[in-house]
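If you're wondering where the values come from, they're calculated on a predicted model, not measured in any experiment. Side chains included, hydrogens not; waters and symmetry mates left out as well; all remaining heavy atoms used. Order of the sequence lines fixes the chain letters, A, B, ..., with proteins taken first and strands second; residue numbering starts at 1 for each chain.
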Amino acid sequence: MERGREERWQAAWREAGLATARRVPDREKFFAIVAYPGSSGFLHVGHVRGLSYADALHRYHRMEGHQVFFPTATHASGLPSVTFAQRVAARDERVVAQLRQNGVDESEWPRLEDPAYAARFLGRSYLKVFRALGLLIDESAYGTTIDDDYQAFIRWQFGRLERSGSLVQAPYFASVCPVCGPVSVDPSETDLARGGEAEWIPYVLVPFALDDGRVLLAATLRPETVYGVTNLWVHPNDPLVVWHQSDRAYLVARSAAEMLSEQHGGRVGHEVPLADLLPRSVHVPLTSRSVPILESRLVDPAVGTGVVMSVPAHAPADWLALGEASSADRQRVGDVPVIVDSPAADLTPSERALLAGSGSPAERAVRATGARSLSDRTALDEATERLYRLEHLRGVMTVPGLDGVPVEEARRRTTERLPEAGGGFLFYQFSEPVVCRNGHPVVIRRVPDQWFLHYGDPSWKAQTAALIARLRVSPPDYGKELVDILAWFQDRPCTRKGRWLGTPFPPDPEWVIEPIADSTFYPAYFVVRRYVSSGRVPVAALTPAFFDYVFLGEGPGEPSVPPELLRELRAEFTYWYPLDINIGGKEHKRVHFPVFLYTHARLLPEELQPRGLFVYWWLTATGGAKLSKKDVGTKGGAVPAIHDVFDEYGADVLRLFYAFVSSPFQDVTWDAGLARQCGERLEEVERVLRPAFGAGEGAPPELDAWLLDSVRTLVRRSRDALDRFDFRELAQAVYVDFPGRMRRYFLRGGAVGDATAKAARVWVRLLSPLTPHLAEELGEGRFPGLVAEQSFPTESELPADPLARYGEEYLERVEEDLRNVLKASEARGRAPAEVVFYVADPWKRELDRWLRESGPEPVPDLPRRLLERARQHPELSAHAVEVPEYVRRAQPQLRTDPSPAPDAFDELGFLRASVGFLIRRFGFDQVRAVAEGEGEPHDPKGRRHRARPGKPAFYLVPAPAGSPPS
RNA sequence: GCCGGGGUGGCCGAGUGGCCAAAGGCGGCAGACUCAAGAUCUGCUCUCGUAGGAGUUCCCAGGUUCGAAUCCUGGCCCCGGCACCA
C-alpha cells in the first residue's frame, strides 16, 4: 500500500483517539511495553520486531473491549548518544550517510554534536518510525531518560532502594579508558572501536625473589604449578622495569608495570638490563628451590607480566621452549618434575588420546596435537587448552604436602599461601587489545568505592524468585532459564563516573547512575509522565513524597499537588499496574529482565508485580551476524533502512513479515524475497476479500453453511493464537488458510452473496491486529467506524454446522482417494473417462457402530462374534454372510478412521450433488453415484463391496481403446 | 567444563505417543492462461505399485509400548549463555 494511504489511516486512528489510554474503572485493561530503544543511531528494520508484536496484542485487546495502554520512551542514558554525537562531530562517513538517508538537513548537524540534543533528536526519529509502522502508541507518555521529570523519578527510586538496604559499596575492577572514562567491554562494541569480544583474564601473580630482595613477578592461571617450576622465561630483548609498590621492588615488563599501577597503585621505576638478570637465579616461593632465569621468544611482553614461570611438564609451550633452548640453558634447568597426575580411569576418550604415549603430560599433549614449535600457534593453543582443562578437572597433585589433592583445591590453597611470599594478588588483563571509541587503549582499573545494587542479597533474591514462579513467560523455556539466571545473579555496579548521560546518584552526585539501573521500574513512570506532559503535574512536584504516595500508597503525598489529583494518580497507577507483559529482545534475557523483576519484587506488593515476559529473537544479517544501528542501510542493501522498507513494501508487509516468517523465538535473516512474498500474500487477500463483499445470489445453502462454519473455526484458531502470543499461527490462519477456504468455496461453486459478505466482515477484522492498514482499506464503509474499533470476531457470530463440515471433509477425502488411484492408472497411460461411485449400504453403518464399540484393540474371534450378532439383527441378518469379510477388512482401519458421519448425513445424495464438481475438477466425461445394493451394471471388477460408510468404493471405467485422452 | 536449546524430506522450517509419508514456504517438474517471457492459477515432487496399497524414512545405537519423529538410556554433532552487555 502506498505511504499516502497508510498515513491517511494512521491519521484516522489518531483522530479517533484510539492510541490514547483511558482508565475506565471496572473495565478490563491491557498494559504492555516493549523495552525502549537506546539512542545510539537510526533504527533499522530489525528494531521494530517486538513493537509489531506488541501493537498486534494491543489492537487485539482494544477490539476485545479492553482499555489499553501502549507507551514508549527513549533510553538516552549512558554512552550511546555521546558516541553518536562524537561521530557526528567527526563527520564519520557512515553517520553522515545515515544523516543524509534520513533527510537530516546539514544545518542540523552541528546541534547533533551535543549528546543530549542528539538523544532527543534520535528519540523523535524513532517516534516517526513508530507512527509510520502504524503503532498505536500513547505519545502523551513519551519522554527520554534524561528529562528532568524522569530523573526525579530515578532519584526517588534509588532513595527507596537505598532505604531498603539494596545499595552497597565495595571495591571493584572496571574497564576504563584513561582519557574518556568508564567503558563497557561487550560484543555490541557500543563503547569501543575494537576488542568487544575480549575477556577478563584473572592472573595470579607469583613472586620469585632474587638474592638482593627484588622480586620477579610471574603471571599465571595455574599457581599450583609453582611446585613444578624449573626456570623463569623473559623476553630476549625487552628489558624489565621496576614497579615500586608498598616498599617492594618488583620486576615486570613496562606495560605490565603500568597496568599493575592502575590496579594496585605504586609507580613505575627504571629499566633493568637483561644482562643483569640472565646469569642469576631466583627463589621459587613455597619451596626451597632456586631456578635460573632464561630468555625465550615464548614471552610476549604484552601478555601477563612479561615474566613467565616455566613448568615444562605441564605447559606445552614451556616444553617446546625448553626444546629450543641452548644446551647450556637446558643444563641449568635440570630435571623436569611432574607434579600432577590424571588417572587414566577418569578420562574421556578424547582426554585419553591427549595423554597417549610416554613422557610428561605436556610432552604427550604436544605429540597428540602435532605441535612442532612455538610458532605452531594453532596446535600449541589446542594442546594448552586441552591439557589445562583436563588437569583442572581430573588432575590430582603429587607433591609433598598436597599429595592427592585435586588441582582445583590445590590452586585455591596455593593462592592463599602466596601472600606470605610477597605475591598472590590478582592482576586482570584483557584477552586481546581493547580500544575505546576515540582510539585510546582501554585498561582495567580498581575502583575502591563502587556502588552496587545488592542483587546477591538472599532475601531480595527470594522475593524475586517468588515473582518468577508466578510469571507467565514466553517462550516457556526462558522461564526455566530465569530460575538459573537468578541463582547466579550477583551484585551489580550501578553507578559510573565520567561523561555520561544519566541521573546523578543521590547519595553522591559525583557518580552517575548507570543505564541498566535506571531502566528497571520505568513502566510505572509512564503513568505519571502523562500528567507531567499535559502540565497537570509540574516537575517540581515530583518529590519522594509524591512517588511514595502514587506508587506505594504511602504517606500523605506531595503537599503542592491537590489531594484529588494525587488520588487520581494513585487510581491510574493501580488501574494500569500490574504490567501485563514486558516485551524485549533476547539480549535482555540476562540483564534487563532480571533487574526489572528484582526492582518490582522489592518495591511493589505481589498484586502489582508484573504478570508476563515475552522474549523475541533478532533480525540478523546474513549468516546470523548481529545487526547494530551502525549497519543501517549498509552491507550492500542486505539490511535496508526502515524507511526504504516502508517505501518499497509498506508497513503492513513488515508487520506481517515478523509474524509470518518464523516463530518469535528464532532469529530471522532479512530476506527481500520473503518480504515480497508477504506483500503478495496481502495482495491475494485483497483479491479474494474485496469481491466477497459484493451483492449476489449466493450459493447452495449447504455450501454457505460450510463456509461460515469454516470461518468459525478460523476465528477460534485466531483467538487461540493471539491468547498464546502465537503470531505465526495467527498469520497462518488469517493470511493462508482463510484465503484457501475462500478459494475452495468458489471452486465448489460458491458465489458472492450474504455468506461471503459475512465471511468478509469477519475476515477484515481478523486482519486488523497484524495488518491494520489493509484492514481499514478493505473494511472502509462496511462498519460504523474504523475497523480498529470494531469488536474482534467471536465464534458466536457464526453458525456452526457439523453436517456441512462433515460433507466437505468427506468430499475432500473422496477426491484424495480418487487422485491416488488416478495417479497409478495414469502412470500406465490410461486416462479413464468415467467413474462410478458405490455408496455403502446402511447395514454397514450399523456394523461399523458395533466395531467402534469393541474398540481398536484386537479382539479374538471378532468376526465370528459379530456374525452371531448379525444373525439376530433384523436388518443385518440378510447380509450375515458378508459380515466376517467386512469385519476383517474394516477392523484394522478403525484407528485411523475419521469420526463417523452425523446421522443426518445423506452420503449418496451428497455425492450425487457433487457430480458436477467432480466432472469439472477431474475432467471426466461422466460421474455416477449409486448405492452399493442397486443393480447397476458397471462393476466388472466387483469393487462395490469395498464401500464403507464415509468411504465410497469406485470403479474407473476405462476409456474406449483408441479414443483420445480426455 | 557448567547451564540452556537443538539435530525432521534437495533447502528453510512446523510437528512432542496413534488422524504423520510428516503443515507451510523455497527450489524442481507438468499443465492452464499467454504470440512469447514474466506474473498468476492447478496438479505432482521418498521408493515401488497389474486402482484407493505396500515398503523405507525424521543424527546413530539400544530400550519402553499393541504402536515412537514424538518417551527412556547411551553416543556423536551443532548453537546460545557463562555475567555486568538497556
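- Of the candidates C84(B), U40(B), A51(B), A51(B) carries the atom nearest the Val821(A) side chain, counting heavy atoms from C-beta on.
- Rounding to whole angstrom units, CG of residue Leu482(A) and P of G80(B) are separated by 21 Å.
- Side-chain nitrogen and oxygen atoms of Arg813(A) include none within less than 4.0 Å of the OP1 or OP2 phosphate oxygen of C19(B).
- Atom name P, nucleotides G9(B) and A14(B): the rounded distance is 13 Å, in whole Å.
- No engagement by Pro476(A) is indicated, since no non-hydrogen atom pair under 4.0 Å with the nucleic acid exists.
- For Tyr522(A) and Tyr36(A), the ring centers sit closer than 6.0 Å to each other.
- Taking only side-chain atoms of Arg921(A), from C-beta outward, the nucleotide of A51(B), G52(B), U42(B) with the closest atom is U42(B).
- The CD1 atom of Ile581(A) sits 10.5 Å away from the CD1 atom of Ile33(A) when rounded to the nearest 0.5 Å.
- In this structure, A32(B) and U40(B) make a Watson-Crick or G-U wobble pair, each of the two defining distances being under 3.5 angstrom.
- Both Lys586(A) and Asp737(A) lie close to RNA chain B; mapped to their nearest nucleotides by heavy-atom distance, the more 5′-ward contact belongs to Asp737(A).
- Remark: the separation of the C1' atoms in C58(B) and G17(B) is 15 Å, to the nearest Å.
- For Arg728(A), the listed nucleotide lying nearest its side chain is G13(B); candidates were G43(B), G5(B), G13(B).
- Between the base of G52(B) and the side chain of Arg946(A) there is a donor-acceptor pair shorter than 3.5 Å.
- Counting non-hydrogen atoms under 4.0 angstrom, His75(A) reaches a base of the nucleic acid.
- Look at G62(B): its Watson-Crick or wobble partner, with both distances under 3.5 angstrom, is C72(B).
- When the C1' atom is compared between A68(B) and G63(B), the two are found 12 Å apart, to the nearest whole Å.
- Put simply, CG on Leu486(A) and NZ on Lys461(A) are 6.0 Å apart, with the number rounded to the nearest 0.5 Å.
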Please evaluate residues Gln151(A) and Ile146(A) with respect to the criterion side chain to side chain contact (heavy atoms under 4.5 Å, CB included), reporting the C-alpha separation (whole Å), side-chain torsions for both, the decisive distance (0.1 Å), and the verdict. CA-CA 6 Å; Gln151(A) 302 208 344; Ile146(A) 53 174; 4.0 Å; yes

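- Atom C1' of nucleotide C2(B) and atom CG of Asp484(A) are separated by 11 Å, given to the nearest angstrom.
- Looking at which nucleotide of RNA chain B each of Tyr36(A) and Phe660(A) is closest to, the 5′-most match is held by Phe660(A).
- Arg948(A) and Tyr886(A) are linked by a side-chain donor-acceptor pair at a separation below 3.5 angstrom, with hydrogens and angles left out of the test.
- G62(B) and U50(B) are spaced 41 Å apart, taking the C1' atom of each and rounding to whole Å.
- Residues His75(A) and Ser519(A) bring a donor and an acceptor atom of their side chains to less than 3.5 Å of each other.
- The same atom, P, is picked in C19(B) and in G6(B); the two are 23 Å apart, to the nearest Å.
- The residue Ile516(A) sits close only to the backbone: its heavy atoms come under 4.0 Å of sugar-phosphate atoms, none of a base.
- Within 4.0 Å (heavy atoms only), Ala517(A) reaches no atom of the nucleic acid at all.
- The gap from the P atom of C85(B) to that of C78(B) amounts to 30 Å, rounded to the nearest Å.
- Although no hydrogens or angles enter the test, the distance criterion places a donor-acceptor pair under 3.5 Å between the side chain of Tyr478(A) and the main chain of Lys589(A).
- Arg687(A) places its CZ atom 13 Å from the P atom of A39(B), with the value rounded to the nearest Å.
- Judged by distance alone, the side chains of Thr520(A) and Gln157(A) do bring a donor and an acceptor atom under 3.5 Å apart.
- The CD atom of Glu514(A) sits 6 Å away from the P atom of A86(B) (whole-angstrom rounding).
- Across all strands shown, A51(B) forms no Watson-Crick or G-U wobble pair with both distances under 3.5 Å.
- Residue Val591(A) is classed as a base contact, given a heavy-atom separation below 4.0 Å to a base.
- The phosphate of U42(B) has OP1 or OP2 within less than 4.0 Å of a side-chain N or O from Arg743(A).
- Glu816(A) comes within 4.0 angstrom of nothing in the nucleic acid, heavy atoms only.
- Note: CD1 (Ile485(A)) to P (C84(B)) measures 14 Å, nearest angstrom.
- Nucleotide C82(B) is matched to G1(B) when pairs are restricted to Watson-Crick or G-U wobble geometry with both distances under 3.5 angstrom.
- The same atom, P, is picked in C11(B) and in U47(B); the two are 15 Å apart, to the nearest Å.
- Across the protein-nucleic acid pair, Tyr598(A) atom OH and A86(B) atom C1' stand 17 Å apart, rounded to whole Å.
- Taking only side-chain nitrogens and oxygens, Lys480(A) never comes nearer than 4.0 Å to OP1 or OP2 of C3(B).
- A 3.5 Å limit on both hydrogen-bonding distances identifies G25(B) as the Watson-Crick or G-U partner of C11(B).
- Here C84(B) presents its P atom at 12 Å from CZ of Arg590(A), a figure rounded to the nearest Å.
- Atom P of nucleotide C84(B) and atom CZ of Arg496(A) are separated by 11 Å, given to the nearest angstrom.
- For His592(A), the side-chain atoms get nearest to A86(B) when compared with the rest of A83(B), G53(B), A86(B).
- Between C77(B) and G10(B), the distance separating the two P atoms is 24 Å to the nearest Å.
- Considering only side-chain atoms of Asp477(A), the nucleotide from G6(B), G24(B), G52(B) that sits closest is G6(B).
- Heavy atoms of Tyr478(A) sit nowhere under 4.0 angstrom from any nucleic acid atom.
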